[in-house]
> 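The structure under discussion is supplied below as structure tokens; questions concerning it will follow.
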Amino acid sequence: MFKDLKRIKKLSNTVFGISLLLFVVACEDEHDHDHDEHTDAEGFILENSSGAQVYKEFKGTTQGTITVNAGSTLELTVHFLDDDGKEIEHDEHEEEEEEGGLKVSGFDSNIAKVEVEEGHGDELNITGVNEGSTSFKLELMHGDHADFTSASNVPITVIK
């Protein structure tokens with residue numbers, strides 16, 4: 001009877017030790033994943049195809065507006081900014097693997113259409129539809145949640 005009790009105790013300790021080890025390793029992996037792969041942006045810049053800044057949001061302060069002609073498409077590149085206002089370097093391939101990238105919403109598609117350019121996770125196409133004004137929210141997605149959401153909607157004016 002004592003032999004069975006000793007065997008059960010030894011088996012219980014082994015199972016407990018393995019469980020504890022797996023728990024610790026799983027927690028470390030999750031912590032490293034969260035720390036290394038989230039983007040801690042404080043703002044962003046939108047640049048046109050010639051590299052000129054057309055809009056900037058940094059720590060809640062905005063400057064600029066987007067103007068596009070009805071029937072035309074404006075191509076913009078998005079650059080996210082760190083706490084010092086410097087561009088955050090990122091790997092587009094990692095964004096695709098993590099199901100991340102840009103997401104736009106809130107615009108009136110009767111005035112302008114805002115789309116993330118296929119195959120280019122950091123580019124937007126804004127097409128003027130009808131004269132008027134609208135705006136959009138910009139988010140940098142990481143899986144099913146946003147690492148960054150614009151503090152203000154980005155204004156768009158469509159002219160004839």
> Should we say atom NZ of Lys59 is surrounded by more than 12 heavy atoms from elsewhere, each under 6.0 Å from it?
yes

> Under the side-chain contact (heavy atoms from CB on, under 4.5 Å) criterion, do Ile45 and Leu81 qualify, and how do the steps go?
CA-CA 8 Å; Ile45 293 173; Leu81 306 174; 3.9 Å; yes

> I need the minimum non-hydrogen distance between Ala146 and Glu139, along with the two atoms involved.
CB-OE2, 3.8 Å

> Can you see which heavy atom on Pro155 is nearest to which on Tyr55, and at what distance?
CD-CE1, 3.5 Å

> If every non-hydrogen atom of Val129 is compared with every non-hydrogen atom of Ser109, which pair is closest and at what distance?
CG2-O, 3.7 Å

> How far does CD of Glu75 sit from OG1 of Thr127, to the nearest 0.5 angstrom?
9.0 Å

> Any heavy-atom pair between the side chains of Glu117 and Asp122 that's under 4.5 Å?
no

> Would you say that Leu138 contacts Phe136 through its side chain, given a criterion of any heavy-atom pair below 4.5 Å between the two side chains?
yes

> Which distance, rounded to the nearest 0.5 Å, do you find between the CD1 of Ile111 and the CG of Asn130?
6.0 Å

> Would you say Leu46 and Val78 make side-chain contact, with heavy atoms under 4.5 Å?
yes

> State, with a plain yes or no, whether a side-chain heavy atom of Ile66 is found less than 4.5 Å away from one of Thr157.
no

> Once you round to the nearest 0.5 Å, how far does NZ of Lys103 lie from OG1 of Thr149?
9.0 Å

> Walk me through whether Phe80 and Leu102 qualify under side-chain contact (heavy atoms from CB on, under 4.5 Å).
CA-CA 11 Å; Phe80 287 95; Leu102 297 178; 3.6 Å; yes

> Are the side chains of Ile126 and Leu76 in touch, meaning some heavy atoms are under 4.5 Å apart?
yes

> Taking Lys86's backbone N and O only, do any of them form a donor-acceptor pair with Asp84's side chain (distance below 3.5 Å, no angle check)?
no

> With a 4.5 Å heavy-atom cut-off, do Leu140 and Phe44 have their side chains touching?
no

